[in-house]
Each structure stands twice: as C-alpha cells, then as structure tokens.
> 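Can you keep this structure in mind? I'll have questions shortly.
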Amino acid sequence: MPVVTVEMWEGRTVEQKRFLVEAITRAMVDFGKVGSEHLHVIIHDVPKDSWGRAGRLGIDNESEKAGAAAEEQRLGNVHRLSHLALKVSDLERSVRFYTEVVGLRIHSRGTIGDAPLVVLKEGIGLTTGNAPAPGPVDHVAFRVGDLARLVESLKAAGAKVVDGPRSSPYGNSVYFLDPDGNKLEGHDGERK
C-alpha cells in the first residue's frame, strides 16, 4: 500500500487539493507503476506559525509574503487553464474517441444551454454545435505516461496521425486528429 504524504502551508482550497491529489495519483500510476486503488495521498496543512525556515517562522518571512502578493498581482488571479470546450458533430462518437482511444475519463454529463455536454476529468468539455474544423484552436496537448501505447491505440482505432512521434520541446510528441478534425498532441515530457 503506497502512501504519499504532502506537507505544506495551509491555505489551499478543497478544489486545489482535489487537483493535487489527482495529479499525484496520475504521476504515481504513470511513473511509480502502482494501482490508483491502492494509493493513499495524505495532505498535512501546517499553519505558517508552526513552520520555520532559516531561523524564522513562516508568518515572519515578509519577503515570501511580498513575493506571493506580487505573483498574485502579476497573474491577475488567473492560476491555470480551467477547461476547453469543443463543439463536435457527433457527441457519442467523440466521447468514445476521447475515452476509449485517447484514454481520458468522463467527469459528468449535463447540458450547456440547450446542448448536451460531456465534461472530461482532464479539462475538456464536449458539446454539439456548428464549429468549422479545425477551428481557432491550433491543438490541445496531453501529457502521457506511455507515448508508444497512445500511438498503438490511435493506429488500432484508425485515427489520423498528422505528425510524429518526434522530438519536441515537450519530450517526444505525436500529433493526431479527433473525429471532427481537431488537432491533438500527446507528449511524454515536460517543456524544456
């Protein structure tokens, strides 16, 4: 039973902790080769008045407070990409492609206005509507643990691979199209 313990200053929201636990779990499954059902992630929130570094308590470190405030102001309260909504011509065909071929997971089903909506855990919302392919988005990229396995899955499904696998600024990348012609990238590394 693997256990990952994270100790950090308190102050994160439940949503931030949810994303952190999901990311740690994905990393342990992809790189630690453990089953997600056996992995425990424990987050210890430590008050800044109970955490010291360089001879000072966290609450006394003004440079860190100033740095965090400057970063917050620089970001304009935008912390990360939340999601991407894609209009597709056949919702269930696209759901099958993104889940069975690419390997994403369904988070929920609902509606957006009068249109059906399928939200994937990895940040894509699929809905129906008229959007010319490939549309204004150049591509959507996913970090993958096993690029060769993704390529095999794409080939088995008859998906169109438009480039790669090849070296890229993100390790090795493969570019392919979903059923509506939206360009996607799978890559196996971090940005250099």
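What you see below is based on every heavy atom in this structure, not just the backbone, and it leaves out hydrogens, waters and symmetry mates.
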> Taking atom CD of Glu10 and atom NZ of Lys48, what is their separation to the nearest 0.5 Å?
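The NZ atom of Lys48 is 8.5 Å from CD of Glu10, to the nearest 0.5 Å.
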> Would you call Glu152 and Lys155 a salt bridge, taking side-chain N to carboxylate O under 4.0 Å as the test?
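Looking at Lys155 together with Glu152, the answer is no, because their closest N to O distance does not fall below 4.0 Å.
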> Regarding Arg93 and Asp180, does a basic nitrogen lie under 4.0 Å from an acidic carboxylate oxygen?
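Yes.
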> Would you say Val41 and Val29 are hydrophobically clustered, going by side-chain heavy atoms of ILVMFWY under 4.5 Å?
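Not linked; separate clusters.
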> So, Glu22 and Lys121, do they make that salt bridge, N to O below 4.0 Å?
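Lys121 and Glu22: not salt-bridged.
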> Main chain of Leu91, side chain of Thr128: is a donor-acceptor contact present, judged purely on distance under 3.5 Å?
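Such a contact is absent between Thr128 side chain and Leu91 backbone.
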> Please tell me if the side chains of Glu7 and Trp51 come closer than 4.5 Å, counting only heavy atoms from C-beta onward.
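Sidechains of Trp51 and Glu7: in contact.
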> Any donor and acceptor pair, going by atom type alone, linking the side chain of Thr127 with main-chain N or O of Leu117 inside 3.5 Å?
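Such a contact is absent between Thr127 side chain and Leu117 backbone.
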> Give the cluster check for Met8 versus Ile24: same hydrophobic cluster or not, with ILVMFWY residues linked at side-chain heavy-atom distances below 4.5 Å.
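Yes, Met8 connects to Ile24 through the hydrophobic network.
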> Where is the tightest heavy-atom contact between Val34 and Pro2, given as atom of each residue plus distance?
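Nearest heavy atoms, Val34 then Pro2: CG1-CG, 3.8 Å.
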> Indicate yes or no: does Arg109 engage Glu92 in a salt bridge with an N to O separation below 4.0 Å.
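Result for this pair is yes, salt bridge flagged.
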> Would you find a donor on one side and an acceptor on the other, under 3.5 Å apart, between the side chain of Thr25 and the backbone of Val21?
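Here the side-chain-to-backbone pair exists.
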> So, applying side-chain contact (heavy atoms from CB on, under 4.5 Å) with Tyr98, which one of Val118, Leu104, Ile106 is it?
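When side-chain contact (heavy atoms from CB on, under 4.5 Å) is applied between Tyr98 and each of Val118, Leu104, Ile106, only Leu104 qualifies.
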> Rounded to the nearest 0.5 Å, what's the gap from OG on Ser36 to CE on Met28? Could you check?
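The distance works out to 11.5 Å.
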> Is there a side-chain contact between Val144 and Asp146, using heavy atoms and a 4.5 Å cut-off?
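Answer no - side chains too far apart.
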> Without swapping roles, check the side chain of Thr13 against the backbone of Gln16 for a donor-acceptor pair under 3.5 Å.
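Yes, Thr13 side chain to Gln16 backbone: donor-acceptor pair under 3.5 Å.
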> Can you get from Phe19 to Val4 by hopping between Ile, Leu, Val, Met, Phe, Trp and Tyr side chains that sit under 4.5 Å apart?
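In one cluster: no.
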> State whether the side chain of Thr99 and the backbone N or O of Val95 hold a donor-acceptor pair below 3.5 Å, judged by distance alone.
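Pair found, side chain donor or acceptor close to backbone of Val95.
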> For the atom pair CZ (Phe97) and CG (Leu177), what is the distance rounded to the nearest 0.5 Å?
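Here the rounded value is 8.0 Å.
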> When you measure from the centre of the six-membered ring of Tyr175, is the NZ or CZ of Lys183 closer than 6.0 Å and no more than 45° off the axis?
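Ring-cation test returns yes.
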> Rounded at 0.5 Å granularity, tell me how far CG in Leu147 sits from OG in Ser173.
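With rounding to 0.5 Å, CG (Leu147) is 7.5 Å from OG (Ser173).
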> So, do Pro179 and Val88 sit near enough that their side-chain heavy atoms are less than 4.5 Å apart?
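In short, these two side chains do not touch, never coming nearer than 4.5 Å.
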> With side-chain contact (heavy atoms from CB on, under 4.5 Å) as the criterion, how do His44 and Thr5 come out once you've worked through the C-alpha distance, each side chain's angles and the decisive distance to 0.1 Å?
CA-CA 7 Å; His44 290 159; Thr5 303; 3.8 Å; yes
> Say whether Val162 and Val140 are linked into one hydrophobic cluster, either directly or through other cluster members, by side-chain heavy-atom distances under 4.5 angstrom.
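No, Val162 does not connect to Val140 through the hydrophobic network.
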> Supply the atom-to-atom distance Asn172 CG to Asp188 CG, rounded to the nearest 0.5 angstrom.
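Separation between the atoms: 4.5 Å.
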> Is it the case that one hydrophobic cluster holds both Trp9 and Ile43, taking links as side-chain heavy atoms less than 4.5 Å apart, direct or via other members?
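The answer is no; the residues belong to distinct hydrophobic clusters.
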> Taking the side chain as everything from C-beta on, heavy atoms only, tell me whether Phe176 gets closer than 4.5 Å to Val102.
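Sidechains of Val102 and Phe176: in contact.
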> Quick one: CZ on Arg12 to CG on Asp45, what's the gap to the nearest 0.5 Å?
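Atom-to-atom, Arg12:CZ and Asp45:CG are 8.0 Å apart.
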> Identify the heavy atoms of Ser168 and Glu185 that sit nearest to each other, and give their distance.
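The answer is OG-OE2, 4.2 Å.
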> Just wondering, do Val3 and Ile42 contact through their side chains at under 4.5 Å, heavy atoms?
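Yes, at least one pair of side-chain atoms sits under 4.5 Å.
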> Between Glu122 and Arg105, is there a donor-acceptor pair closer than 3.5 Å when you use the side chain of the first and the backbone of the second?
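Yes; judged by distance alone, with no hydrogens or angles, the pair exists.
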> Side-chain contact, heavy-atom cut-off 4.5 Å: Leu154 with Val101?
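Yes. Closest side-chain heavy atoms under 4.5 Å.
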> Closest approach of Lys33 and Asp30, non-hydrogen atoms and distance?
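Answer, listing the atom of Lys33 first, then Asp30: NZ-O, 2.9 Å.
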